[in-house]
Undergrad: 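Dropping the structure in here first, questions after.
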Amino acid sequence: MPFVDKEILKNEKIQNHAQQIMSQLINILKTEKDNTKQDVRAILAVYILYKISTLTNTQVSYRDIVKGKLNINQEVVYAFNNVITEKTWNNCLKILENYTSVDFACALLLPIKNIPFYNSSNNETPESIVKLAKKILDCKSHEVVADIGCGMGNFLLSTALDNSEVWFEGYELSRDCQLVSSIRSEIIKAPINIYLQNAFELIISNKSCKKFDKIFANYPFGLRIRNLGVGALYLDNLAKKYPGLSKATSSDWIFNSLLCDLLKDDGKAVAIITNGSTWNSIDKTMRQHFVEQGLIEAVVTLPERMFSNTSISTSLIILSKGNKNIRLVDATNVYQSGRRQNSLSDANILTIYDLLKNDAENSRVIELSDLRKNDYTLNLSRYVDTELIFKNGVVFESVIKKITRGAPCTASQLDSMISETVTNKQFLMLNNIQDGSINNNLPYLSKIPEQYRKYCLKNKDIVISKNGYPYKIAVVNIKEEQQILASGNFYVIKVDESKINPYYLQAFLDSEQGNRVLKSISVGSAVPNISIDKLTKINIPLPSLEKQEIIANNYKSIIDEIAVIKLKLEKALNKMHQVFNEGEL
């Protein structure tokens, strides 16, 4: 078996041959009706062509392969028989005589995304992010390096080509991905083992669990850990350690905890996380634990559109032990622009690596005291005063029809209006807004005096709390005959819906960028507050109404999902409280 190293892969002639092999295969394999496994089918075809090319007698039929007459792993044979027909394979064999075994081997080692019919749903790590992670981890000979959720093996193969004396272990839940990464690993003489295994089992099933020198992880975004078998048990054990952990906690931090559990005391891990988990209130408890325990070395906010299959904004987090502060890097403007996907050039990677070592305008070491003051936010934008510049930005007041304060009634005046019975009149207070929506627990009013009626809310009004960061925001939905009087602690905004969608505006103000804008106009240290004058002068992004509607609908669907989850929780709690009575003798 030939040894394929980095120098061979740099050979322009061999690179061209590898691309030609894939281009010819696309025209052959696309005749298969099942398009869900195009990338798997391509790797299997190239691998078996490679195996045949190493034989002196290359007259190997389809039946020879499926009957196991070729020295190929039975799992590969089984997969081959399931995704490639005999007629298609006979056409694949026609390209065999035009290329060498080295050409086929190098075709296997192409980054998966370069396969012409690559199925992007596999969420393979972009090549440039792999290069950045390799630079940061700096894997040395005889170190044991793990890739949690290794996919089709891009990181493992790329790192092994740099140093074949590193010991590699990949863990993957997808049988197809595990098979493909194992096939690709066979081509290079490096100690790589790919396990079809849930990485949480490394902790749950082994009290003296395996520890690694370096770890890379590009785990799935928004994964439900409770659906991962032993992952649910790991989550239950984690909840005992962190009382603030909830079902809403981002899976990013559950995986990050797993990485720290698997890391040696002097080890280092690099993972890709969603930007939301670096600042949202849901994950504050977990961020607090990681920060206070010194488990975070640095966080790099990555450019947008780094992944081909998602528009989710991402960051790169570096985990290690014994950190007393954290370096935050804003690399959002360090990239090579692409039509559908951005990337990092070699120069960009060196720039980001330098920012991880040195202070600059977009790189700063944040002290623990500052992290505590800012809800343990791990995004540099929270700690710098630079003004946000938005594409298609406008001054907020240009889309506002009217902005007022809520009703300025005193506590005693409110008490005189409160009703003990259900009416069509209610009062909105700060604690009635939770998770972006107004709950059903508004106090009922017996009357609304004439002088306060002008403060009653209208449908699609937006309410923003004027005190107490983070500010509460909600769009109001008024039912027929319903009257809701807003507290004086709110600003009430009626927007021009021909220019801006109210739910789009809420989505923006509830985002990291919106939070940053509102914080920039806040005054007061003990109880931050914002003024109408400053609020109306903020800059907001204003894309087309069509784009606004897409964001608004996505935001509303998430609010609805949260409401359903809360209702299920309420029903479950009611059932729990009735268990004893139902079983009482």
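What you see is a predicted model, and the numbers here were worked out from it, not measured in a lab.
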Undergrad: Would you check if there is a donor-acceptor pair between the side chains of Ser557 and Asp560 at a distance under 3.5 Å?
TA: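 There is no such pair between these side chains.
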
Undergrad: For Lys131, what residues pass the salt bridge (Lys or Arg N to Asp or Glu O under 4.0 Å) criterion, not counting sequence neighbours?
TA: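 Lys131 satisfies salt bridge (Lys or Arg N to Asp or Glu O under 4.0 Å) with Asp346 once adjacent residues are dropped.
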
Undergrad: Quick one: do the Glu172 and Ser181 side chains pair a donor with an acceptor below 3.5 Å?
TA: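 On atom types as modelled, these side chains do not qualify, holding no pair under 3.5 Å.
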
Undergrad: Do you see a donor-acceptor pair shorter than 3.5 Å between the side chains of Asn348 and Ser345?
TA: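 Yes - a donor-acceptor pair under 3.5 Å links their side chains.
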
Undergrad: Taking the basic N atoms (NZ, or NE/NH1/NH2) and the acidic carboxylate oxygens, is any pair closer than 4.0 Å for Lys51 and Glu186?
TA: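 Between Glu186 and Lys51 there is a salt bridge, with a charged N closer than 4.0 Å to a carboxylate O.
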
Undergrad: In sequence, state the C-alpha distance, the side-chain angles, and the governing distance for Asp283 and Ser277, and then conclude on side-chain hydrogen bond (donor to acceptor under 3.5 Å, both in side chains).
TA: CA-CA 6 Å; Asp283 293 319; Ser277 64; 4.9 Å; no

Undergrad: Under a 3.5 Å distance rule, please check whether Asp370 uses its side chain to pair with a backbone N or O of Ile366 as donor and acceptor.
TA: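 Not confirmed, Asp370 side chain does not pair with Ile366 backbone.
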
Undergrad: Residues two or more places apart in sequence or in another chain: which of them pass ring-ring contact (aromatic ring centres under 6.0 Å, His included) with Tyr47?
TA: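 Scan of Tyr47 (ring-ring contact (aromatic ring centres under 6.0 Å, His included), adjacent residues dropped) gives none.
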
Undergrad: Is it true that Asn379 and Thr377 share a donor-acceptor pair across their side chains at a distance under 3.5 Å?
TA: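 Absent: no donor and acceptor within the cut-off.
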
Undergrad: Would you list the pairs meeting salt bridge (Lys or Arg N to Asp or Glu O under 4.0 Å) in which at least one residue belongs to residues 295-315, sequence neighbours left out?
TA: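 Listed once each, the pairs are Lys268-Glu297.
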
Undergrad: Taking only residues two or more places apart in sequence, or in another chain, which ones meet Lys135 in a salt bridge (Lys or Arg N to Asp or Glu O under 4.0 Å)?
TA: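 Scan of Lys135 (salt bridge (Lys or Arg N to Asp or Glu O under 4.0 Å), adjacent residues dropped) gives none.
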
Undergrad: Show every salt bridge (Lys or Arg N to Asp or Glu O under 4.0 Å) that has at least one partner inside residues 314-330, sequence neighbours left out.
TA: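 Every salt bridge (Lys or Arg N to Asp or Glu O under 4.0 Å) pair that includes a residue of residues 314-330, provided the two are not neighbours, is Asp265-Lys321, Arg327-Asp359.
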
Undergrad: Give the table of side-chain donor-acceptor pairs shorter than 3.5 Å for residues 72-83, with sequence neighbours excluded, one pair per line with atom names and distance.
TA:
residue, atom, partner, partner atom, Å
Asn73, OD1, Glu75, N, 2.7
Asn81, OD1, Tyr62, OH, 3.1
Asn82, ND2, Tyr78, O, 2.7

Undergrad: Apply side chain to side chain donor-acceptor pair (under 3.5 Å) to Asn325 and list each qualifying residue two or more places apart in sequence or on a separate chain.
TA: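 Residues passing side chain to side chain donor-acceptor pair (under 3.5 Å) with Asn325: none at all.
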
Undergrad: Any sub-3.5 Å donor-acceptor pair from Asp213's side-chain atoms to Val144's backbone N or O?
TA: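 Side chain of Asp213 to backbone of Val144: a pair is present.
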
Undergrad: Stepwise, does the side-chain hydrogen bond (donor to acceptor under 3.5 Å, both in side chains) test hold for Glu292 with Tyr376?
TA: CA-CA 9 Å; Glu292 296 289 352; Tyr376 299 92; 2.6 Å; yes

Undergrad: Just by modelled atom types, is the Lys13 backbone N or O under 3.5 Å from a matching donor or acceptor in the Asn11 side chain?
TA: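 The answer is yes, because a donor-acceptor pair under 3.5 Å joins these two groups.
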
Undergrad: Between Arg364 and Tyr383, is there a donor-acceptor pair closer than 3.5 Å when you use the side chain of the first and the backbone of the second?
TA: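 Confirmed, Arg364 side chain pairs with Tyr383 backbone.
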
Undergrad: Residues in ring-ring contact (aromatic ring centres under 6.0 Å, His included) with Phe155, at least two apart?
TA: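 Phe155: ring-ring contact (aromatic ring centres under 6.0 Å, His included) contacts with Phe216.
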
Undergrad: Apply the test side-chain hydrogen bond (donor to acceptor under 3.5 Å, both in side chains) to residues Asp103 and Thr100: give CA-CA distance (whole Å), side-chain angles for both, the deciding distance (0.1 Å), then the verdict.
TA: CA-CA 5 Å; Asp103 294 329; Thr100 68; 3.2 Å; yes

Undergrad: For Phe290, check ring-ring contact (aromatic ring centres under 6.0 Å, His included) against everything at least two apart and list the hits.
TA: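 Checked Phe290 against ring-ring contact (aromatic ring centres under 6.0 Å, His included); matches are Trp253.
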
Undergrad: What I'd like to find out is whether the side chain of Ser128 reaches to under 4.5 Å of the side chain of Leu132, using heavy atoms alone.
TA: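 Contact flag for Ser128/Leu132 side chains = no.
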
Undergrad: Sub-3.5 Å donor-acceptor pair from the side chain of Gln341 to the main-chain atoms of Met306, do we have one?
TA: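 Flag set: sc Gln341 to bb Met306 pair under 3.5 Å.
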
Undergrad: Distance only, no hydrogens: is a donor on one side chain within 3.5 Å (strictly under) of an acceptor on the other, for Thr274 and Asp252?
TA: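 On atom types as modelled, these side chains qualify, holding a pair under 3.5 Å.
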
Undergrad: Using the side chain to side chain contact (heavy atoms under 4.5 Å, CB included) definition, which of the options Asn218, Asn342, Ile312 pairs with Phe307?
TA: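 Of the listed residues Asn218, Asn342, Ile312, the side chain to side chain contact (heavy atoms under 4.5 Å, CB included) partner of Phe307 is Asn218.
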
Undergrad: Between the side chains of Tyr555 and Asp510, does any donor sit under 3.5 Å from an acceptor?
TA: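 The criterion, which ignores hydrogens and geometry beyond distance, is satisfied for Asp510 and Tyr555.
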
Undergrad: How far apart are the C-alpha atoms of Val166 and Ser141, what are their side-chain angles, what is the distance that settles it, and do they pass the side chain to side chain contact (heavy atoms under 4.5 Å, CB included) test?
TA: CA-CA 5 Å; Val166 177; Ser141 296; 5.5 Å; no

Undergrad: Is the closest side-chain donor-acceptor distance between Asn256 and Tyr219 under 3.5 Å?
TA: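 Short answer, yes.
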
Undergrad: Is there a donor-acceptor contact under 3.5 Å linking the side chains of Asn515 and Arg382?
TA: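 Looking only at side-chain atoms, Arg382 and Asn515 do not form any donor-acceptor pair under 3.5 Å.
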
Undergrad: Between Leu302 and Ser315, is the side chain to side chain contact (heavy atoms under 4.5 Å, CB included) condition met? List the steps.
TA: CA-CA 5 Å; Leu302 294 170; Ser315 292; 5.5 Å; no

Undergrad: Going by the rule salt bridge (Lys or Arg N to Asp or Glu O under 4.0 Å), which residues pair with Asp435 if we only count those two or more places apart in sequence or in a different chain?
TA: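 Counting only residues at least two positions away or on another chain, Asp435 forms a salt bridge (Lys or Arg N to Asp or Glu O under 4.0 Å) with Lys566.
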
Undergrad: Heavy-atom distance under 4.5 Å between the side chains of Ser381 and Gln513, does that happen here?
TA: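 No, their side chains stay 4.5 Å or more apart.
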
Undergrad: May I ask you to decide whether Asp138 forms a salt bridge with Lys140, counting only side-chain N to carboxylate O separations under 4.0 Å?
TA: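 Yes.
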
Undergrad: For Lys211, which residues count as a salt bridge (Lys or Arg N to Asp or Glu O under 4.0 Å) partner, sequence neighbours excluded?
TA: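 Applying salt bridge (Lys or Arg N to Asp or Glu O under 4.0 Å) to Lys211 gives none.
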
Undergrad: Apply ring-ring contact (aromatic ring centres under 6.0 Å, His included) to Tyr234 and list each qualifying residue two or more places apart in sequence or on a separate chain.
TA: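 Once residues adjacent in sequence are excluded, the partners of Tyr234 under the ring-ring contact (aromatic ring centres under 6.0 Å, His included) criterion are Phe200.
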
